[in-house]
Amino acid sequence: MNAPAPTQHGQPVRYRAVAVSTAETACRKDGDVWRIHNTEPLAPYPERMTDCLATGAQRHPQRVLVAQRGPDGHWIEITYGEMLARARAIGQALLDRGLSADLPVAILSGNDLEHLQLALGAMWAGIPFCSVSPPYSLVSSDFGKLRHVMQVLSPGLVYAASGAAFAAAIGAVVPAVTEVVTRDGDLPGRAATAFDSLLCTPVTTVDEAQAAVGADTLAKILFTSGSTRQPKAVPTTHRMLCSNQQMLRQTIPDFTLEPPVLVDWLPWNHTFGSSHNFGIVLYNGGTLHIDDGKPAPGKFDETLRNLREISPTAYFNVPKGWEELGLALENDERLRKTFFSRVRVYFFGGAGLSQQAWDRLERVTERHCGERIRIMAGLGMTETSPCCLFTTGPIMRASYVGTPAPGCEVKLVPVNGKLEARFRGPHVMQGYWRMTEAPSQPVFDEEGYYCSGDALKFYDPDRPTLGLMFDGRIAEDFKLSSGTFVSVGPLRARVLAAGAPYVQDVAIAGMDRDEIGLLVFPRMEDCRRLAALPRDAADREVLASPEVQAAFRRMLETLNASATGSASRIGRLLLLDEAPSLDRGEITDKGTLNQRAVLAHRAARVEALYSDTCAAAITAGPLATT
């Protein structure tokens with residue numbers, strides 16, 4: 001790429017050394033369609049993801065593969081050699097029970113050592129497993145999504161770490177004939193198997209089953225988060241996992257120079273935490289420290305505790321996690337010393353990182369290290385296992401998603417005034433698994449490209465090889481009553497930046513109306529501090545306080561001062577005192593907001609927003625005319 005190197009105040013910006021791909025990108029226009037690919041061919045990769053476990057057990061059997069804090073605070077470790085032996089025993093136990101692709105393994109609880117052993121044991125035996133979103137069992141009030149997942153899977157065995165915590169969900173949706181495994185074998189009101197009993201199974205035929213596993217054998221099933229429809233089951237094969245990890249390795253060769261060490265909380269029911277992050281560890285002979293924290297109230301302290309003790313070589317998180325970490329790094333010397341000691345790359349996914357959070361992270365890094373650390377992102381999805389694009393070039397900024405990985409073919413097709421990204425390659429699924437309803441949009445086009453629904457645009461239209469910017473979800477965009485298109489993704493990013501730190505998230509309304517409106521989910525802790533009200537003050541009282549109202553009026557004025565017309569001017573906003581609902585599909589357990597679901601399930605609030613009698617709405621002044 002022939003892009004300018006980053007500078008600050010006219011001086012080159014110094015970055016910590018990290019090996020990333022320098023391969024060229026090829027672009028050509030075919031009528032209205034753009035075709036883009038990486039000129040570096042995809043190198044050979046293992047036939048099965050479990051081959052990486054076998055290789056690791058042979059080459060470095062004593063190296064720790066995974067560790068997690070025990071009840072006493074000390075790390076419990078499993079080496080590569082130990083994990084292979086445990087996977088073989090567990091795989092044999094599953095085969096002895098008659099499990100298969102028709103009767104897979106369902107794992108209801110979150111990231112832990114037993115979860116990973118069970119997953120690798122299933123893969124070794126050629127039996128698919130599914131890591132199910134824990135909030136479907138623990139947060140949901142009606143178990144609707146969990147019931148749907150169980151109906152699609154028809155599992156032959158269900159695992160949950162805590163029988164007591166998951167008893168209600170299991171009793172509601174898991175048939176009495178289905179075996180349930182818990183960590184200690186306890187399950188109120190029902191018989192259960194203790195996890196350790198699986199490890200005692202004598203190995204007889206499991207290695208023969210492993211030898212029969214091929215590249216197109218189903219390794220696992222991941223469910224999409226779901227929006228206004230039920231989650232879809234994505235069949236993930238060994239070919240998909242291995243090819244995508246090879247794409248990652250060629251994109252970030254640094255992973256081959258030193259075994260990666262990760263401290264990671266990202267849930268394994270999502271492709272980012274499982275296929276991507278744990279995949280990086282297993283594929284490159286690294287070590288994963290399971291982080292029991294997360295970027296949520298009361299949970300992030302555990303993440304900071306772990307990062308004060310374990311120095312990662314690369315760090316992955318969602319934008320909310322990076323926001324919290326950036327603030328903590330500014331104020332915690334011990335954290336800075338450990339965290340910065342050997343980390344060479346930052347990576348975010350799941351949503352766009354705000355420019356404000358980006359700038360804070362670079363400031364604190366440069367002050368402590370005397371140099372910056374590359375902040376990387378990309379574009380991927382469950383259906384592509386997951387990565388398609390990476391930001392390996394010199395362009396580093398929010399919303400930039402980069403260029404294709406080796407082996408990934410990208411096609412940009414005009415749809416509703418934008419360019420939809422479509423993908424083809426060995427990492428892309430062949431179709432949804434046991435789909436129970438017709439998709440609302442085509443899944444593949446006539447050339448076999450997966451239709452992502454994501455819109456992209458060129459960073460520089462005159463130099464397309466420099467890469468691509470995220471341009472929102474096509475399905476989220478809409479027209480005002482004037483026929484003017486509103487691009488939701490970029491507008492949402494502007495609102496989040498202008499509303500920091502008081503805006504947690506926002507849904508953009510206005511379809512077939514005269515002006516854009518916002519349904520704002522506020523950060524209640526920050527709003528409460530601004531209002532100087534006690535902790536027991538009701539949320540509605542906080543949001544109605546003069547200080548909070550004035551802050552959001554200023555935000556509206558700031559946004560409209562740079563608006564260029566009705567497609568970017570915001571007419572009104574409404575502050576919501578009810579958090580997004582997991583049950584209704586408004587939010588995933590990673591914290592990603594689903595715009596369509598919010599607007600559909602809060603139609604009454606949208607009507608109130610546009611009502612001239614709604615006293616709670618904050619409205620903008622009249623549109624200036626010339």
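Residue numbers start at 1 and run along the sequence shown. We use all heavy atoms of the structure for the numbers below, so side chains are in, but hydrogens, waters and symmetry mates are not.
- Residues Y346 and Y315 keep their aromatic ring centres 6.0 Å or farther apart.
- Checked against a 6.0 Å centroid threshold, the rings of Y400 and Y459 count as neighbours.
- Using modelled atom types, one finds a donor on one side chain and an acceptor on the other under 3.5 Å when comparing Y283 with Q246.
- In this structure, a donor-acceptor pair under 3.5 Å is absent between the side chains of T391 and R397.
- Side chains of Q68 and D292: a donor on one and an acceptor on the other come within 3.5 Å.
- The closest donor-acceptor contact from the side chain of H60 to the backbone of G56 lies under 3.5 Å.
- Dense packing is recorded around CD of E547, with more than 12 heavy atoms of other residues, nucleotides or ligands lying under 6.0 Å away.
- The aromatic rings of F347 and F316 are tilted relative to each other, their planes meeting at an angle between 30° and 60°.
- The closest side-chain heavy-atom distance from F339 to L325 is below 4.5 Å.
- A side chain to side chain contact (heavy atoms under 4.5 Å, CB included) with V263 is found for exactly one of I310, T313, L288, I290, namely I310.
- Between G81 and A57, the shortest heavy-atom contact is CA-CB, 4.1 Å.
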- [ ] Report the C-alpha separation of T251 and S21 in whole Å, then their side-chain angles, then the decisive distance to 0.1 Å, and conclude whether the side-chain hydrogen bond (donor to acceptor under 3.5 Å, both in side chains) test is met.
- [x] CA-CA 5 Å; T251 299; S21 172; 5.8 Å; no
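- Counting heavy atoms from C-beta on, the side chains of F340 and C369 come closer than 4.5 Å.
- Counting only distance, with no hydrogens or angles, the side chain of T79 and the backbone of E82 share a donor-acceptor pair below 3.5 Å.
- Annotation for I36 and L412: closest pair CD1-CD1, 3.8 Å, computed over non-hydrogen atoms.
- Within a 6.0 Å radius of CG in D32, other residues, nucleotides and ligands contribute 12 heavy atoms or fewer.
- Heavy atoms only, all atoms of each residue included: L42 and P406 are closest at CD1-O, 3.6 Å.
- Side-chain N/O atoms of W265 and N306 include no donor and acceptor closer than 3.5 Å.
- Applying the 6.0 Å contact sphere to CD of E371 captures more than 12 heavy atoms from other residues, nucleotides or ligands.
- A salt bridge links R69 and E309; the closest N-O separation between the charged side-chain nitrogens and carboxylate oxygens is under 4.0 Å.
- Under a 4.0 Å N-O distance rule, the pair R360/E330 qualifies as a salt bridge.
- D112 places a side-chain N or O within 3.5 Å of a backbone atom of H115 that can act as its donor or acceptor partner.
- Remark: R63 does not engage E77 in a salt bridge, criterion side-chain N to carboxylate O under 4.0 Å.
- There is a side-chain donor-acceptor pair under 3.5 Å between T303 and D291.
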Open item on the list: Between T564 and R569, does the side-chain hydrogen bond (donor to acceptor under 3.5 Å, both in side chains) criterion hold? Intermediate values first, please.
Closed with: CA-CA 7 Å; T564 57; R569 183 183 183 277; over 6 Å; no
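- Minimum interatomic distance between N38 and A23 (heavy atoms only, all atoms of both residues): OD1-CB, 3.2 Å.
- In this structure, T384 contributes its side chain and G380 its backbone to no donor-acceptor pair below 3.5 Å.
- N284 places no side-chain N or O within donor-acceptor distance of the main-chain N or O of T256, the cut-off being under 3.5 Å.
- A donor atom on one side chain and an acceptor atom on the other are not found under 3.5 Å apart for H276 and T271.
- Remark: side-chain polar atoms of R492 are not paired, donor with acceptor, to backbone N or O of G472 under 3.5 angstrom.
- Side chain to side chain, T465 and T25 fail the donor-acceptor criterion of an N or O pair below 3.5 Å.
- Taking 4.5 Å as the limit, some side-chain heavy atom of V495 sits within range of a side-chain heavy atom of I570.
- A salt bridge is absent between E420 and K418: the closest approach of a Lys/Arg side-chain nitrogen to an acidic carboxylate oxygen does not fall below 4.0 angstrom.
- Crowding of R367 atom CZ: a count of heavy atoms from other residues, nucleotides or ligands under 6.0 Å exceeding 12.
- In this structure, the side chain of E302 does not engage the main chain of K294 through any donor-acceptor pair within 3.5 Å.
- Considering only heavy atoms from C-beta on, H238 stays 4.5 Å or farther from E47 through its side chain.
- Electrostatic pairing of D332 and R308 counts as a salt bridge here, judged by a charged N lying under 4.0 Å from a carboxylate O.
- Side-chain contact between L468 and F458 is present, with at least one heavy-atom pair separated by less than 4.5 Å.
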